[in-house]
Number of protein chains: 2
Amino acid sequence: MSTDLPHTSGAPTLEDVARVAGVSRATVSRVINGIRNVAPDIQEAVHRAIETTGYVPNRAARSLVTRRTGAVALVVSGAGDAKGGEPFESRVFADPFFGRVAGGVVGYLRPRGIHPVLMLADSAQTRDDVVSYLRQGSADGALVVSTHAEDPLPKLLVDAGLPAVLWARPARPIPISYVDLAHRAGAALAADRLVARGCRRVATISGPFDVPAAQDRLSGFQEAMAGHGHPYVPAVEGDFMPASGEAGMHRLMKEHPDIDGVFVANDLMAQGALLALRDLGRRVPEDVAVIGFDDSAAVTCRPPLTTVRQPMEDMAAEMARLLLAHVADPDLQVTSVIVRPTLVVRQSA
Amino acid sequence: MSTDLPHTSGAPTLEDVARVAGVSRATVSRVINGIRNVAPDIQEAVHRAIETTGYVPNRAARSLVTRRTGAVALVVSGAGDAKGGEPFESRVFADPFFGRVAGGVVGYLRPRGIHPVLMLADSAQTRDDVVSYLRQGSADGALVVSTHAEDPLPKLLVDAGLPAVLWARPARPIPISYVDLAHRAGAALAADRLVARGCRRVATISGPFDVPAAQDRLSGFQEAMAGHGHPYVPAVEGDFMPASGEAGMHRLMKEHPDIDGVFVANDLMAQGALLALRDLGRRVPEDVAVIGFDDSAAVTCRPPLTTVRQPMEDMAAEMARLLLAHVADPDLQVTSVIVRPTLVVRQSA
DNA sequence: GACAAACCGGAGAGCGCTCTCCACTTCGTG
DNA sequence: CACGAAGTGGAGAGCGCTCTCCGGTTTGTC
């Protein structure tokens, strides 16, 4: 019969399905959303009608009434103008760190039928864009990874009453949920290992002092070394990039030629440090033991890097879980999840 | 006056703005969307009303009527079960290749106020999810990066009449727009360089034979070498990962100890090849010259890698541009954009 | 000064969906 | 056998926005 066809061109609507199934729109909606009891034979008829019409619910119409989108923003926030050269987006996404976080988020969200929207916030303008984006109901909440400590975005989100979860504790305390690593404990793991190996002259290459994680790793390491009877640990500051690890290692060896153990605040810099050590003719781990942090680039190093593993995928998944909880229950209390790192022993220490 | 306040709790709507500005909904809509002429003083009044109410248009309501979402899907498609071990999302996003593509896409899309939705398609189920996602109007089109040659997703998209643009030419010709690199020309650049340096015994480490780009790089290189009077070029197959480059290099040197130049089909494998060469005590470039491809990991190599640069960010931006054109005009003809690579000379050759 | 042409702003009809009533069955129970 | 409780499905009111008509007001032109 001709009335079985959609009445207008374009995608079939609920109305079309209802007509084909011989029921009302409301019933079809119930079947689709699994609400209340609908007699089995009618459910069956509706499913058949959906099948034959090729119906797919319209997301915009649905979220107009439910006030939910089934999307979350994954925003990378930082200072775009910090260093010249490449644009922010190139630097950010090229970092394996981001990739692993994205992987963890997607791994958790995908089975739940929700997808992350990639956003970058590197200026006042783009930060406002993120807030607007959420306010217009384009996403239900935000997962925020800040590259800079003083990032104002988290506060903007809190002030706007938008659900959000942060990667890492914010520099300035604000009422927002976050997931972080026990950096100090991780650094202590490295210190223990170095001492256990018999290293006597230990140094460290830290991350930028203005990022809390870098501070924690540094002070955690120094403290643990102090506990092992080494009150003074030479330290140089890097920027988490390989080149700074290389330069830092050179400086360290020049100033303290007898160093026999180094804790480097992330794997990327450790990679550079390894290069420097090789150039200087020092064997790793025989002459100098090296421990990295993150377990991000460890296997591609020569020798394979002993490192403090940060389970980024798990942490990212945890962020997603927390965010969905906040979205489901706006009154949910702010919480923090601190994950414990583990030491992965390979060959460099 | 009390009527200036939104009549209900929740976000202000067009209606609220209209009331405050003393005009109709339609006029506010016109001002916001910049359609037709609205008297300057009224525009002014509307803007003020928007300001005071803190109005933000509701995306769902808007796209319900415009049938546009202002979002595109960025889908990474491939075979998830190919190799055991880590889940697909971890492998994919950890690859700097993906990061650069994402960066290019975001760089182009962001100034236009549109954001990519990250999706993964690694099974029949998830491929259907992508199609459904687009069909329900959650995104206006798809940017597809396939990791596998026989990926069925592009065809599904074409069959569903959904706007989509591919990264790289599909293995099987289908009517879909794509952006690709002139791989053969790039390989020829490498051949020319090696020959110009005086290399006499040249070999190559190729990518997997089932990916078209790898084939093109291999045959393009062989052909160019033939043109230089070298009809036979020893070749081993890798999988684009560092370890396979290292293994390949060892095999090559064992079978042909007099090799003095190698073209490696991507930088990641070249990185591994460099490691192998160092282990074998060969100096680069004095004993063996090495040229990579992509310019992705080149600067972190020792020595810095001479490589064929693939401008991924530009290509990704071009994909985005093409997709938006297809979205704006559904009848737009299918096109392909082939980008020319350049040789970046560093120290390895 | 009259008439058309341009301009401006309002009314109102949906876009496709969810969800709250309500009416109608069908049971179980005293 | 009557009566309320539970279960089942329909009607209809919006969600917030865009956009087509249309009527009213200016402006230009002979």
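In what follows, chains are A, B, ... by sequence order, proteins preceding strands, each numbered from 1.
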Over how many whole Å does the gap from A/Asp16 atom CG to C/dC17 atom P extend? 9 Å
What is the distance, rounded to the nearest whole Å, between atom CD1 of A/Ile32 and atom C1' of C/dT18? 11 Å
Between B/Thr27 and B/Leu64, which is nearer to the 5' end of DNA chain D once each is assigned its nearest nucleotide? B/Leu64
In whole Å, I'd like the distance from the CD atom of B/Gln136 to the P atom of C/dT18. 11 Å
With the side chain counted from C-beta on, respond yes when B/Met319 and B/Val105 share a heavy-atom pair under 4.5 Å apart, and no when they do not. no
Could you pull out all residues at least two apart from B/Glu318 that satisfy side-chain hydrogen bond (donor to acceptor under 3.5 Å, both in side chains)? B/Arg321
Between B/Val23 and B/Val65, the residue closer to the 5' end of DNA chain C by nearest nucleotide is B/Val23
Using the C1' atoms of the five pairs at each end, what is the angle between the end axes of the helix from C/dG1-D/dC30 to C/dG30-D/dC1, to 10°? 40°
Do A/Leu14 and A/Ile32 come within less than 4.5 Å of each other through their side chains, counting heavy atoms only? yes
Rounded to the nearest angstrom, tell me the gap between atom CD1 in B/Ile42 and atom C1' in C/dG10. 11 Å
Are A/Glu44 and A/Arg48 ion-paired here, with the side-chain N under 4.0 Å from a carboxylate O? yes
Could you state the atom-to-atom distance from CZ of B/Arg135 to C1' of C/dG16 in whole Å? 15 Å
Specify the separation, in whole Å, of atom CD of A/Gln43 and atom P of D/dT8. 10 Å
Which comes earlier along DNA chain C counting from the 5' end, the contact point of B/Pro40 or that of B/Ala61, where each point is its nearest nucleotide? B/Pro40
Between B/Thr13 and D/dG16, is there a contact of a side-chain N or O with OP1 or OP2 at under 4.0 Å? no
Would you please confirm or rule out a distance under 4.0 Å between OP1 or OP2 of D/dT18 and any side-chain N or O of B/Asn33? yes
Using a heavy-atom cut-off of under 4.0 Å over every strand shown, decide if B/Ala39 touches base, sugar-phosphate, or nothing. sugar-phosphate
Consider the side chain of A/Asn58, meaning its heavy atoms from C-beta on, and name the nucleotide among C/dG10, D/dC17, C/dC17 that approaches it most closely. C/dC17
By side-chain hydrogen bond (donor to acceptor under 3.5 Å, both in side chains), A/Ser177 pairs with (sequence neighbours left out) A/His326
Checking side-chain polar atoms at under 3.5 Å, does A/Asp151 have a donor or acceptor matched by the opposite partner on A/Ser77? yes
Any side-chain heavy-atom pair of A/Tyr133 and A/Val117 under 4.5 Å: yes
Just how far, in rounded Å, is P of C/dC7 from CG of B/Asp41? 17 Å
Whole Å only: how far is the CZ atom of B/Arg62 from the C1' atom of D/dC19? 13 Å
Say whether A/Gln136 and A/Ser138, considering side chains only, have a donor N or O and an acceptor N or O under 3.5 Å apart. yes
Can you find a donor-acceptor pair, distance only, under 3.5 Å between B/Arg30 side chain and C/dG10 base? yes
Is the phosphate of C/dT18 approached by A/Ser29 (side-chain N or O, under 4.0 Å from OP1 or OP2)? yes
Would you indicate, yes or no, if C/dG16 has its OP1 or OP2 atom less than 4.0 angstrom from a side-chain nitrogen or oxygen of B/Arg67? yes
